[in-house]
Amino acid sequence: MFAMVLHHAGGTLVGEERPDPAPGPGQVLIQVTACGVCRTDLHVVDGELPQTRLPIVPGHEIVGRVAALGAGVSHLRRGERVGVGWLGHACGTCPYCAAQEENLCDAPDFTGCTRDGGFATHALADAAFAYPLGEDGADAALAPLLCAGLIGWRTLKMAGDGRRIGLYGFGAAAHIIAQVARWQGREVYAFTRPGDTQAQAFARSLGATYAGPSDAPAPEPLDAALIFAPAGELVPQALRAVKKGGRVVCGGIHMSDIPSFPYRWLWEERKILSVANLTRADAHEFLALAPRAGVTTHVTPYPLTQANAALDDLRSGRLSGAAVLVPDV
């Protein structure tokens, strides 16, 4: 097994040879064929998530083949293509799990954060959190669906049924959810970093009604605004863009501090919501919906050994769509 390992927060990933892990009861060993690079991986590497257990192998948008089955696993088979996302384990017994809110589990494990993830040739996963993917579609194209797509889908659902949807930060999640929203018959308004005309053109190519800088006012009152960029200053900006009763949904796991703002921007029953993780029900729902919606992911592949370069490109905004690591074979 070869893995890219983070040994200290704020550092870089280092390649290491490790023995292939053996799956325990209820686990599967996955031979990784592609792993998306998510902004949350940046937060892990930059030391911004205090729950991270070091050393850690990041990566939670895993696509691969079942290489070995642990005891008690009967619903998967060797060679089957599966995907693994951010939520890698839930206790199943806490009040949240009992209420079918496992995304809020009191004792969760997160792939690539509290347990080793997919920046490797092989990864262990709980079989109950490994999703069969079938044989349609390329591995690299499917990888961003496992987090950018899943978290984006939960974020869109929390936005309600409004027609005009604003997307703040047009990266991996937004480029997927823009396609879903358009398929649903909604209007998409994309807001990017000021001066990022490439991202704005990308948004328009995916059917956005409007694409412009995030510091500009929305051309029309929005029913909801989804924030995928980790920039707290966008929250007041989005509040000013939504109409009475509108929702601002923060879709990231980490965000910079939200600055103070006048109460009148929140007044008239506007709402600020956050998304935490996802449930297996979200995953099954979205993975079935994506092909019906005709979602096409735009990916840039990198060799596994170039994980640091992929993270740097994501950090600097040089990517359109999503970066995906592919094992060097």
Side-chain angles (χ1 to χ4, degrees), residues 1-18 30-49 52 55-65 81-86 110-113 116-123 125 133 137-152 169-176 193 196 198-199 202 206 228-230 252-253 295-329:
M1 171 183 174
F2 176 84
M4 297 295 292
V5 185
L6 177 68
H7 286 278
H8 55 91
T12 58
L13 301 176
V14 177
E16 292 182 1
E17 292 285 349
R18 295 180 166 190
I30 298 171
Q31 182 176 355
V32 179
T33 53
C35 187
V37 181
C38 178
R39 185 162 292 277
T40 302
D41 296 317
L42 273 183
H43 299 318
V44 168
V45 171
D46 291 345
E48 294 170 327
L49 301 185
T52 301
I56 194 72
V57 179
H60 55 275
E61 295 179 332
I62 302 170
V63 175
R65 300 278 174 178
R81 186 166 68 163
V82 296
V84 177
W86 171 249
F110 300 120
T111 311
C113 179
D116 284 340
F119 287 10
T121 57
H122 293 78
L133 296 177
D139 296 339
L142 291 174
L145 301 181
L146 273 301
C147 184
L150 297 185
I151 291 297
F170 205 82
H175 99 279
I176 293 171
R193 293 180 184 179
D196 193 347
Q198 179 181 352
F202 184 36
L206 294 175
F228 294 115
I253 191 173
V295 171
T296 301
T297 57
H298 295 252
V299 303
T300 301
Y302 293 77
L304 175 59
T305 52
Q306 295 301 309
N308 288 306
L311 289 167
D312 287 343
D313 287 346
L314 176 58
R315 182 184 287 108
S316 66
R318 290 191 291 266
L319 284 168
S320 289
V324 177
L325 300 181
V326 180
D328 308 55
V329 294

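Count residues from 1 along the sequence.
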Can you name the ring-ring contact (aromatic ring centres under 6.0 Å, His included) partners of His43, sequence neighbours left out?
His254
Tell me if the centroids of the rings in Phe170 and His175 come within less than 6.0 Å of each other.
no
Taking every non-hydrogen atom, the tightest pair across Gly15 and Met4
CA-SD, 3.7 Å
Is a side-chain donor or acceptor of Thr121 paired with a backbone partner of Phe2 at a separation under 3.5 angstrom?
yes
With no hydrogens and no angle check, is any side-chain donor or acceptor of Asp116 less than 3.5 Å from a backbone partner on Ile56?
no
Heavy-atom closest pair (Cys147 atom, Glu61 atom, distance to 0.1 Å) is CB-OE2, 3.1 Å
So do Val32 and Phe119 actually touch side chain to side chain, heavy atoms under 4.5 Å?
no
Is there a side-chain contact between Asp46 and Arg315 in this structure, where contact means two heavy atoms from C-beta onward sitting under 4.5 Å apart?
yes
Polar side chain donor-acceptor pair, Gln198 to Ser320, under 3.5 angstrom:
yes
Nearest heavy-atom contact between Thr12 and Leu6 is O-CD1, 4.0 Å
Just wondering, do His60 and Cys38 contact through their side chains at under 4.5 Å, heavy atoms?
yes
Hey, are the side chains of Thr111 and Trp86 touching, using non-hydrogen atoms and a 4.5 Å cut-off?
no
Between Asp139 and Arg81, is there a salt bridge with N-O shorter than 4.0 Å?
yes
Any non-hydrogen side-chain atom of Leu49 less than 4.5 Å from a side-chain atom of Thr40?
yes
Could you tell me whether His298 and Phe202 have their ring centroids closer than 6.0 angstrom?
yes
Between Thr300 (side chain only) and Ala323 (backbone N and O only), is there a donor and an acceptor less than 3.5 Å apart?
no
If you define the side chain from C-beta out and look only at heavy atoms, does anything of Gln306 sit under 4.5 Å from Leu325?
no
Those residues that, when tested against Ala199, pass side chain to side chain contact (heavy atoms under 4.5 Å, CB included) (two or more places apart):
Thr192, Asp196
Under 3.5 Å donor-acceptor, Thr33 side chain and Val63 backbone:
yes
